[in-house]
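Worksheet for the structure shown next.
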Amino acid sequence: MHDIHNVVREALIKEGWSITHDPYPLHSRKDGGLSTDIGAEKIILAQNSSKKIAVEVKSFTHISILHEFLKACGQYLSYAKIMGKNDSERILYLAMPTFVYYRLIQYEWVQEVMFDLNMKIILYNSENSIIEEWKN
C-alpha cells in the first residue's frame, strides 16, 4: 500500500509545483478552528509561477466508493467555504485515483454533484506517482 498523501505530493513536485504547506492547518477565523489533519488524508498547499492551489487528498479505500465520495463532497464543500473566506486566491482540488473517478462518473447523479459543487479534481496514479489528468 502506498502512502497516498506522499504519492500526490511527489506527483505535484514532478509537475513543477512548489509545496508551500504540508499539511495545511485549515482554520475558520470566526469558528475557532477546523483542522484538516483528520486521519491520514491532509490538505497540501502548492504553487507555481501563475497559480496557487490547495489539494485535498483522498484514497477511496472504504469498501463503498460511493460512501467515500459523499463524505469527500461534504469535506470539499466545507473546506472550499472556509478557504473562500481565508485564502480566496487559492483553488481547491480534490485528488483521487484515476480508476475511482472513472467508476464514479458512471453514475449520472455523481456527475451532477461534481458539477453543482464546481469540483476541481486531480486524477493520480499511485503506482508511478504521477498526475494523469486535471479536471476543471
Side-chain angles (χ1 to χ4, degrees):
M1 178 89 175
H2 297 279
D3 177 353
I4 299 305
H5 180 83
N6 286 330
V7 164
V8 173
R9 178 187 168 90
E10 184 179 328
L12 287 166
I13 292 169
K14 283 180 184 178
E15 288 212 353
W17 292 90
S18 296
I19 306 302
T20 59
H21 294 81
D22 181 18
Y24 175 60
L26 186 63
H27 295 286
S28 172
R29 291 183 185 138
K30 289 183 179 180
D31 301 330
L34 167 69
S35 175
T36 60
D37 190 3
I38 300 169
E41 299 173 311
K42 303 169 187 166
I43 289 185
I44 301 168
L45 295 190
Q47 65 184 47
N48 63 20
S49 60
S50 63
K51 199 179 209 181
K52 292 181 177 183
I53 62 172
V55 182
E56 177 187 358
V57 181
K58 293 295 179 192
S59 58
F60 286 83
T61 56
H62 189 272
I63 194 160
S64 168
I65 65 167
L66 293 175
H67 172 80
E68 288 293 303
F69 173 72
L70 293 173
K71 187 170 91 172
C73 287
Q75 289 173 324
Y76 184 88
L77 182 61
S78 298
Y79 299 163
K81 180 62 78 177
I82 293 169
M83 289 192 71
K85 291 180 181 185
N86 298 343
D87 202 357
S88 60
E89 77 278 0
R90 198 168 297 276
I91 300 167
L92 179 62
Y93 282 85
L94 174 67
M96 70 174 67
T98 302
F99 76 93
V100 169
Y101 174 82
Y102 285 105
R103 282 184 55 203
L104 284 170
I105 64 166
Q106 292 177 16
Y107 300 96
E108 186 176 333
W109 67 267
V110 168
Q111 293 177 45
E112 291 170 0
V113 168
M114 288 177 174
F115 179 81
D116 289 348
L117 293 178
N118 193 26
M119 286 183 123
K120 312 283 189 266
I121 299 171
I122 296 173
L123 304 181
Y124 65 84
N125 180 316
S126 60
E127 294 302 313
N128 52 13
S129 299
I130 63 167
I131 294 172
E132 295 186 319
E133 203 169 344
W134 295 77
K135 298 285 188 183
N136 292 309

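Nearest approach of Glu56 to Ala72, heavy atoms of both residues: OE2-O, 4.2 Å. Counting all heavy atoms, side chain and backbone alike, Tyr124 lies closest to Ala95 at CE2-C, 3.7 Å. Residues Ser126 and Val7 approach most closely at CA-CG1, 3.7 Å, considering heavy atoms. Between Leu92 and Tyr76, the closest heavy-atom pair is O-OH, 3.1 Å. Contact between Asn125 and Glu127 at its shortest, heavy atoms only, is OD1-N, 2.8 Å. Closest non-hydrogen pair, Met83 versus Ala54, comes out as CE-CB, 3.4 Å.
Counting only heavy atoms from C-beta outward, the side chains of Thr20 and Lys52 never approach each other to under 4.5 Å. Counting heavy atoms from C-beta outward, Glu89 and Asp87 have side chains that approach closer than 4.5 Å. Side-chain contact between Lys58 and Gln75 is present, with heavy atoms from C-beta onward closer than 4.5 Å. When side chains are defined from C-beta on, Tyr101 counts as touching Lys135, because their heavy atoms get closer than 4.5 Å. Residues Leu66 and Leu70 fail the side-chain proximity criterion, which asks for heavy atoms closer than 4.5 Å. Annotation: side chain of Tyr79 is not in contact with side chain of Leu94 (no heavy-atom distance under 4.5 Å). Side-chain contact between Ile91 and Lys51 is present, with heavy atoms from C-beta onward closer than 4.5 Å. Counting only heavy atoms from C-beta outward, the side chains of Phe69 and Val113 approach each other to under 4.5 Å.
When the shell of 6.0 Å around OH of Tyr102 is examined, it contains more than 12 heavy atoms from other residues, nucleotides or ligands. Within a 6.0 Å sphere centred on CZ of Arg90, heavy atoms belonging to other residues, nucleotides or ligands number more than 12. Applying the 6.0 Å contact sphere to NZ of Lys81 captures no more than 12 heavy atoms from other residues, nucleotides or ligands.
When hydrophobic clusters are built by joining Ile, Leu, Val, Met, Phe, Trp and Tyr residues whose side-chain heavy atoms come closer than 4.5 Å, directly or via intermediates, Ile130 is not grouped with Val100. With hydrophobic clusters built from ILVMFWY side chains whose heavy atoms lie under 4.5 angstrom apart, Leu104 shares a cluster with Trp109.
The aromatic rings of Trp134 and Tyr93 sit perpendicular to each other, their planes meeting at more than 60°, with 30° as the lower class boundary.
With values rounded to the nearest 0.5 angstrom, Ile19 atom CD1 is found 5.5 Å from Ile44 atom CD1. A distance of 12.5 Å separates CD1 of Ile43 from NE2 of His21, quoted to the nearest 0.5 Å. Distance check, rounded to the nearest 0.5 Å: CD1 of Ile4 to CZ of Phe60 gives 11.5 Å. Annotation: the span from Gln111 atom CD to Glu108 atom CD amounts to 6.5 Å, rounded to 0.5 Å.
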Determine all donor-acceptor pairs shorter than 3.5 Å in which one atom belongs to a side chain in residues 116-123; sequence neighbours excluded.
unit_1	atom_1	unit_2	atom_2	d
Asn118	OD1	Lys120	NZ	3.1

(request) Show your reasoning for whether side chain to side chain contact (heavy atoms under 4.5 Å, CB included) applies to Asp22 and His5. (result) CA-CA 10 Å; Asp22 181 18; His5 180 83; 2.5 Å; yes
(request) Take Asn48 and Ser50 through the side chain to side chain contact (heavy atoms under 4.5 Å, CB included) test and state the conclusion after the steps. (result) CA-CA 6 Å; Asn48 63 20; Ser50 63; 3.5 Å; yes
